[in-house]
Amino acid sequence: MAIRSSKLPDPKEIGNAGSFFKNPSVSKEQFGVLQLNFPGIVAYENPDHTMKLAAGWLIEQAGLKGFRKGDAGVHARQALVLVNYGSAVATKF
């Protein structure tokens, strides 16, 4: 609980959607190519022998950890958590 509390925002202090991202999977061949270009890539082997990429790592590599647009953003300590810094609202496209 202490580790989780240190990484995740307290919903009493800042509204958040929690962590809901899906870790994408790629073939071992695709992972090999990615690994050549990104040696620090984080992945885990699935039972079907595809490779599950860590969504948090991908978000961080895209430079979005701590990103903010208006009152909505990505948490600064946990890239998998979307936060509401004030009056951000969801809308339909």
Side-chain angles (χ1 to χ4, degrees):
M1 288 294 291
I3 292 171
R4 184 174 176 81
S5 294
S6 72
K7 291 184 176 184
L8 299 176
D10 183 345
K12 294 175 188 170
E13 295 177 16
I14 186 167
N16 70 83
S19 176
F20 62 88
F21 289 92
K22 179 176 173 52
N23 296 315
S25 294
V26 297
S27 69
K28 281 192 173 182
E29 293 77 22
Q30 289 171 315
F31 177 70
V33 172
L34 289 169
Q35 199 170 33
L36 288 174
N37 293 300
F38 305 97
I41 193 168
V42 178
Y44 309 91
E45 189 169 356
N46 287 315
D48 67 358
H49 304 293
T50 59
M51 299 299 290
K52 183 184 294 187
L53 306 178
W57 184 88
L58 293 168
I59 293 165
E60 287 183 37
Q61 296 308 299
L64 295 173
K65 186 175 181 181
F67 173 81
R68 181 175 174 170
K69 183 169 183 177
D71 283 338
V74 179
H75 195 263
R77 290 191 315 261
Q78 178 47 269
L80 295 173
V81 176
L82 300 179
V83 292
N84 186 335
Y85 291 104
S87 59
V89 295
T91 59
K92 290 184 179 182
F93 292 94

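Remember, it's a predicted structure, so these values are computed and weren't measured experimentally.
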Check N84 against A88 and note the closest heavy-atom contact, atom names and distance.
ND2-O, 2.8 Å
Which pair of non-hydrogen atoms, one from K65 and one from Q78, has the smallest distance, and what is that distance?
CE-N, 4.0 Å
ILVMFWY cluster, L80 and F67 together (side-chain gap under 4.5 Å):
yes
Residue pair F21 / A79: nearest heavy atoms and the distance that separates them:
CE1-O, 4.2 Å
Considering all heavy atoms of both residues, which atom of H75 and which atom of V83 are nearest to each other, and what is their separation?
CD2-CG1, 3.7 Å
Mind checking whether I41 and V26 sit in one hydrophobic cluster, side chains of I, L, V, M, F, W, Y counted as touching below 4.5 Å?
yes
Cluster link L82 to V89, ILVMFWY, side chain under 4.5 Å:
no
Single-linkage hydrophobic cluster L64~L58, side-chain heavy atoms < 4.5 angstrom
no
Does W57 share a hydrophobic cluster with L34, counting links as ILVMFWY side-chain heavy atoms below 4.5 Å and allowing steps through other members?
yes
S25: side chain to side chain donor-acceptor pair (under 3.5 Å) partners, not counting sequence neighbours
N46
To the nearest 0.5 Å, atom OG1 of T50 lies from atom CD of E29 at 10.5 Å
Using 0.5 Å steps for rounding, measure from the CG atom of L53 to the CZ atom of F31.
7.0 Å
Are there over 12 heavy-atom neighbours, none belonging to F38, within less than 6.0 Å of that residue's CZ?
no
Using the salt bridge (charged side-chain N to carboxylate O under 4.0 Å, His left out) criterion, which residues pair with K52? Sequence neighbours excluded.
none
